[in-house]
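All of these numbers come straight from a predicted model, not from anything done at the bench. Any value given below was found using the heavy atoms of this structure, including those in side chains, with hydrogens, waters and symmetry copies removed.
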Amino acid sequence: MTFDEQMMHRCLQLAAMGKGNVAPNPMVGSVIVHEGKIIGEGYHQQFGGPHAEVNAVNSVDNQELLSECTIYVSLEPCSHFGKTPPCANLLVQKNFKRVVVGTLDAHAKVFKKGIKRLEDHGIDVTVGVCKKECLELNKAFFTFHEKKRPFVLLKWAQTENGLLDNSDGKQGEVSWISAPETQVKVHEWRREFHSIMVGKNTVINDNPSLTIRAVDSTNPIRIVLDSRNEISSSATIKNGEVRTIVFNVEKDENQNGVQYLQLSELTPKLILTSLHDQQIQSVLIEGGKSVLQSFIDVNLWDEARIITGKTTFTSGTQAPQINGQKIKEEVFFGDHISYLRPL
């Protein structure tokens, strides 16, 4: 591994520390090196707050050294005024000798413009170091800007014999498929996503809160598909605790903290288009089967995480059928987790 790659890997480690706190901005890390030694580090910590480059620059005690330094950053420095001033301007102002960038920014206001500004001021710029890893870290951000829709993750738990639920279970009682430790892992997954989606039957049958309770993080936006608004006003998802969107075909209104959004029909394409319009970059779809299968059938998904527990039920709902390529597998407290991408 080259020195540049080592420094970019450190940028990625730092960037990941912003997970769950910076959306819809990307996670970005930055490292400043003087004569082969790291003298400053930073990452984007909070949406609306200083970017990684700013935090890295501010961490350097002797600012006079910056003109002799190389700064590494996992994503192209921004070049426009948003909630913060352009980072490219800061790097020019500090007269960095060299800038090493992991990958270009897909945002139309930034794409190649930050690089051009640096080069126009005589700064040596290298682009594409650990590009694959940089793209993977911010896959939701890139999907949103390149495909004009949110990144879609499908997730479900199934028994060894391929069932989602237990039809022999008692009404209102949850028949757990996965281990308690795996359930904590699912909460960690939730913190990666801007929103979480379920269908009306999941809400009516399970009354979920769809919040993050096992780890410290901001709750995702709750999205429910309820064509005819059949879910009771007493359901937990309507408690106003978290921003909640109910897609339906009857009304457009805000009521008791719940946003009802009317679509002509609740198809995956129309739903994702509406979420894109609202700047929602990623969605974790947790169920039920018909919702999951509808996105699979039209190939509007980017990743699936399937938990297969050691449990076996006699009867119940069959798990969705998916045609994908396994990218990773792991055994977690006895549960088998498969990670898939579309073929």
Side-chain angles (χ1 to χ4, degrees), residues 152-193 195-215 220 222-227 230-232 234-237 266 268 283-343:
V152 176
L153 172 72
L154 311 176
K155 173 254 139 184
W156 70 84
Q158 63 186 34
T159 63
E160 283 188 334
N161 56 334
L163 300 180
L164 296 178
D165 53 33
N166 183 10
S167 60
D168 295 328
K170 296 179 181 178
Q171 182 69 27
E173 183 178 285
V174 178
S175 298
W176 291 108
I177 292 173
S178 56
E181 295 85 356
T182 305
Q183 293 156 29
V184 173
K185 190 178 185 73
V186 169
H187 280 247
E188 293 175 351
W189 289 348
R190 285 181 178 180
R191 73 190 291 263
E192 299 175 27
F193 287 83
S195 65
I196 180 170
M197 181 190 297
V198 295
K200 71 173 176 66
N201 289 337
T202 295
V203 176
I204 292 171
N205 294 334
D206 301 338
N207 193 28
S209 63
L210 302 182
T211 55
I212 299 174
R213 301 176 298 282
V215 293
R222 301 185 292 203
I223 300 169
V224 182
L225 309 185
D226 185 13
S227 295
E230 299 173 61
I231 296 172
S232 168
S234 63
T236 302
I237 59 104
L266 302 193
V283 56
L284 167 58
I285 302 180
E286 289 203 356
K289 179 184 177 177
S290 61
V291 175
L292 290 161
Q293 195 67 57
S294 69
F295 282 81
I296 293 169
D297 290 345
V298 294
N299 204 34
L300 283 174
W301 63 284
D302 300 288
E303 188 175 313
R305 299 177 188 175
I306 303 168
I307 302 165
T308 302
K310 294 182 290 185
T311 311
T312 299
F313 296 151
T314 303
S315 60
T317 306
Q318 287 289 329
Q321 299 299 305
I322 192 167
N323 188 18
Q325 178 182 10
K326 286 185 180 178
I327 55 174
K328 187 173 71 168
E329 293 183 1
E330 67 175 311
V331 177
F332 194 80
F333 287 92
D335 297 324
H336 185 270
I337 306 177
S338 299
Y339 298 76
L340 293 87
R341 293 270 171 85
L343 290 171

Polar side chain donor-acceptor pair, Thr182 to Asp335, under 3.5 angstrom: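 Asp335 and Thr182 do have a side-chain donor-acceptor pair below 3.5 Å.
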So which atom in [X] and which in [Y] form the shortest heavy-atom distance, rounded to 0.1 Å?
X	Y	result
Thr211	Arg190	O-NH1, 2.7 Å
Ile296	Trp301	CA-CD1, 4.0 Å
Glu181	Phe332	O-CE2, 3.4 Å
His187	Ile212	ND1-CA, 3.6 Å
Glu230	Ile204	O-CD1, 4.5 Å
Pro220	Ile196	CG-CG2, 3.8 Å

Salt bridge (Lys or Arg N to Asp or Glu O under 4.0 Å), paired with Arg305, selected from Glu188, Glu286, Glu192: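 Checked Glu188, Glu286, Glu192 against Arg305; only one passes salt bridge (Lys or Arg N to Asp or Glu O under 4.0 Å): Glu192.
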Treating [X] as the side-chain partner and [Y] as the backbone partner, does any N or O pair qualify as donor plus acceptor under 3.5 Å?
X	Y	value
Asp226	Lys200	no
Gln183	Ser178	yes
Arg222	Leu210	no
Thr311	Ile177	yes
Asn161	Phe313	yes

Hey, does [Y] have a side-chain heavy atom less than 4.5 Å from the side chain of [X]?
X	Y	result
Phe333	Lys185	no
Ile322	Pro320	no
Pro342	Asn299	yes
Leu300	Val152	no

Qualifying residues under side-chain contact (heavy atoms from CB on, under 4.5 Å), relative to [X], sequence neighbours excluded:
X	value
Ile327	Tyr339, Arg341
Gln321	Gln293
Ala319	Trp156, Gln158, Leu164

Test side chain to side chain contact (heavy atoms under 4.5 Å, CB included) applied to Val186 and Lys155, step by step: CA-CA 9 Å; Val186 169; Lys155 173 254 139 184; 4.1 Å; yes
